[in-house]
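We're numbering straight along the sequence, starting at 1. Both counts, for ligands and for their atoms, begin at 1 and track the order of listing.
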Amino acid sequence: MNPIDTPAWRALAAHAEAIRPQHLRELFADDPQRFAHFSLHHDGLLLDYSKQRVSADTLRLLREYAETADVDGWKQKMLAGETINHTEGRAVRHMALRAGEQAPSEVQLVLSRLQAFCERIHSGEWRGFSGERVTDVVNIGIGGSDLGPRMATLALAARQQPDITVHFIANVDSADIAPLLARLNPRTTLFIVASKTFTTLETLTNARTARDWLLATVVQESAIARHFVAISTNLELTRQFGISPENVFEFWDWVGGRFSLWSAIGLSLALAIGWKNFEQLLAGARAMDQHFIEAPAAENLPLTLALISLWNTNFLGATTEAMLPYSQSLHLLPAYLQQLEMESLGKQVDRDGNMPGIATSPVIWGESGTNGQHSFYQLCHQGGRIIPADFIALRENDFPLPGHHTALLANCLAQAAALAFGQTAEEVRSTGITEDLVPYKIFPGNQPSSTLLLPNLTPYTLGQVLALFEHKVFCLGALWNLNAFDQWGVELGKQLAGQLTPLLSGEGDASAFDSSTRGLIAALKG
Ligand code: F6P
């Protein structure tokens, strides 16, 4: 299927001609009930998409295109365990990880092992080689084996378990791990080596450094068993690394790295917030799964987010989408969503091996509010580009200090309104400003945004939100006829890095490389 060739896509393209010139000011003036007409409530969440540049007809046409693209059919294939990740020959079953009593037995087994392990760490039953209890846990992983637990540990910091600190190391740059190791005590530190493949250069380099650091204090290799556990699908490589099988928590190739927070990859998070809270995270995601599976298109939150993203990207010409959580706790959510959306959807070749030549994943970026207001919002307001935004706000905050939360929420609403409605020349003049400054004070507005309002930030609501975005990605994959579950685009750089490593150590012949790379090698070697 080439989306462009479908009647539903063509109908959207024609309709976009009529919508593009309209300003959100007019759309709101024409419909006093616009908020009610373009917002959805579900299980405590509110999605207000009334500030998107859409009409009722837009939504109708978008949903017709969703039928053409057979989003529901693809959903059924995913649920049936079909090999929808066709380029890797894998099913896509991350929902099974949080299916509770419906979860497959192998999932339940690993969850019960994880629970038992968490309890042993928290109770102090698990001891390091010197007999001391674990005070620090270091998750060594990158990408999907890092971003999810790292982001969620920060988001749920109010639920941090006492007497244990969880750290995250990802970068192969020694500036990441070295300062941390300098602060830690090898007798009381537990390392979690988290890698789906157990071949990732960054993770294995850091894990070897951590192992050497431990063995510098204790000579017996047997101490590794008290201080290293692994999470992987590759049990052979974890064994070769020296981690005994009883210290390995398994997951499966039908879990994509960026969808793996719910698997054993969540161990560091579970250690940070406690097992009961981790279960609540799974429960929130499970509830969103149910909604995604059952809710009709007009009420379906993930599908609605996906259709809006498609509309902004393919019909209004947006190339980016800003994620703007008005929550310091969700400070890392944009980075997490970057991997989720861009690694899944940043592709041009469709499921049939063709290049239909349509824009796909927008560049996902963002920053927590209000910080971003003091850096990049200027461009959003007056830079002349269309920059759709997703505001995320919490009705209640985990850290209730007088004055803070109201100010935060007021800024969130203010920015969404300013972006949407702007400020006209007449409004500027009415402030009595000198005429020469008027052009500088005009805000064109008409910047589309949605606001996702959560009652609070709990493991349950975080689980809902993350599953919401996972399913948004799934829908966009179907809408763009892409396989959202492979990531071939990350491979070439890895191969070249493998070839360049010996060259930087002065071994081998660099002549196959271009003059720029050769020049840089020479400069680095001094
Ligand atoms: O290089 C990209 C990637 O493969 C991601 O898809 C993945 O989340 C990350 O690397 C880490 O991979 P692994 O968990 O196998 O170490």
- Task: Taking only Lys NZ, Arg NE, NH1 and NH2, and the carboxylate oxygens of Asp or Glu, determine whether R98 and E470 approach each other closer than 4.0 Å.
- Result: yes
- Item | Ring-face cation of K75 near F292 (centre distance under 6.0 Å, axis angle within 45°) | yes
- Task: Give yes or no for whether the N/O distance cutoff of 3.5 Å, strictly under, is met between K196 and ligand 1.
- Result: yes
- Out of E343, E202, R258, E491, who gets a non-hydrogen atom closest to atom 5 (C) of ligand 1? E343
- Message: Checking contacts here: is it the side chain or the backbone of T197 that comes within 4.0 Å of ligand 1, counting heavy atoms only? Could be both or neither.
- Response: both
- Which ligand 1 atoms does T200 reach within 4.0 Å, using its non-hydrogen atoms? 12 (O), 13 (P), 15 (O), 16 (O)
- Note on the structure: S145 heavy atoms within 4.0 Å reach ligand 1 at atoms 13 (P), 14 (O)
- Query: Looking only at protein heavy atoms, which one is nearest to atom 9 (C) of ligand 1, and how far off is it?
  - Reply: I142 O, 3.7 Å
- Identify whether the distance between the nearest side-chain nitrogen and carboxylate oxygen of E250 and R113 falls below 4.0 Å. no
- Message: Here's one to test your reading of the geometry: is the NZ or CZ of R211 within 45 degrees of the ring axis of F241 and under 6.0 Å from its centre?
- Response: yes
- Message: I'd like to know if R120 pairs up with E125 as an ion pair, taking the criterion as any Lys NZ or Arg NE/NH1/NH2 lying under 4.0 Å from an Asp or Glu carboxylate oxygen.
- Response: yes
- Item | Atoms of ligand 1, numbered as shown, that sit under 4.0 Å from any heavy atom of G144 | 7 (C), 8 (O)
- Task: Before accepting this row, confirm whether a basic side-chain N of the pair R286/D289 lies closer than 4.0 Å to the acidic partner's carboxylate O.
- Result: no
- Proximal ligand 1 atoms for K494, defined as those under 4.0 Å from one of its heavy atoms: 1 (O), 4 (O)
